[in-house]
Each structure stands twice: as structure tokens, then as C-alpha cells.
Amino acid sequence: MTTEGDEVDGYLARTSKDHGFEVCVQHLVMTGCLDAAFAGRLAGYLYDQDQADMGLDTGLLHDIGKYSEEFQRMIREAYDEQ
């Protein structure tokens, strides 16, 4: 997360008054890693690489719509208003 006053560059995933903004690539990679860890253990006690890979892919793609011009315009306006 970036604090208030920092320049906003790149695609934004989310923003809040308390935490600043988070860029999409940062948000998607963190989510993908968490999803991979959880999905890899879904089969039980043994780690399943195929399920982990699916979790990673799902995490990386879960917010793909945030790369649209419409969403970026909306979130930047919300950021500017804070």
C-alpha cells in the first residue's frame, strides 16, 4: 500500500482513506500466492501441485476487470476525493 501524497502510477486495485492505494499487480500476485497455498492443501494432508497452480491462476485473474478504463477512472476519482 502507498501512503497519501505518493504519486499514483499504474493500474489501481483498491484505495482507502486509511491505507492509500494498492496497484493491481501487487494485489493480484499476493492473492495468487495465498490462493495457491490454500488450494494446494485442499486435497487433504498431501500437497497437490495441480491444485496449487489452479489457485495461483485464479488469484491472478480474479480482478481482471479492474484493468478496464471505466474502473480505473472510477477508482482514481475516488482516490482524488479522499
Side-chain angles (χ1 to χ4, degrees):
M1 297 286 227
T2 303
T3 59
E4 186 176 335
D6 289 345
E7 185 175 326
V8 178
D9 190 24
Y11 292 94
L12 300 180
R14 58 187 181 168
T15 183
S16 74
K17 184 177 181 180
D18 297 330
H19 302 290
F21 67 91
E22 186 175 27
V23 294
C24 279
V25 69
Q26 176 187 25
H27 174 71
L28 295 175
V29 168
M30 288 189 303
T31 303
C33 290
L34 285 172
D35 286 356
F38 291 131
R41 296 283 183 194
L42 286 177
Y45 294 104
L46 299 175
Y47 184 80
D48 186 310
Q49 186 63 51
D50 290 335
Q51 286 184 196
D53 290 343
M54 285 192 303
L56 175 62
D57 293 344
T58 302
L60 291 173
L61 295 173
H62 84 280
D63 277 340
I64 196 74
K66 289 186 176 180
Y67 282 93
S68 71
E69 289 182 31
E70 295 165 43
F71 180 82
Q72 291 302 306
R73 184 173 29 257
M74 178 195 70
I75 200 165
R76 287 175 187 279
E77 288 172 1
Y79 181 82
D80 291 341
E81 291 174 7
Q82 294 180 9

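This is a predicted model, so every value here is computed, not measured.
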Nearest atoms (heavy-atom pairs only) where C24 meets Q72: SG-NE2, 4.3 Å
H62 vs H27 side-chain heavy atoms within contact, under 4.5 Å: yes
Point-to-point distance, once rounded to the nearest 0.5 Å, from CD of Q51 to OG1 of T58: 11.0 Å
Nearest atoms (heavy-atom pairs only) where G55 meets A39: CA-CB, 3.9 Å
Qualifying residues under side-chain contact (heavy atoms from CB on, under 4.5 Å), relative to L56, sequence neighbours excluded: A36, L60
Atom of A52, atom of Y47 and distance for their closest heavy-atom approach: CB-OH, 3.1 Å
Gap between atom CD of E77 and atom OG1 of T15 - 0.5 Å precision: 12.5 Å
For Q49, all residues meeting side chain to side chain donor-acceptor pair (under 3.5 Å), sequence neighbours excluded: D53
Rounded distance [0.5 Å steps], CE in M30 versus CG in L28: 9.0 Å
Euclidean distance, I75 CD1 relative to K66 NZ, rounded to 0.5 Å: 6.0 Å
Hydrophobic cluster of F38, others only, ordered by chain and residue number, side-chain cut-off 4.5 Å: L34
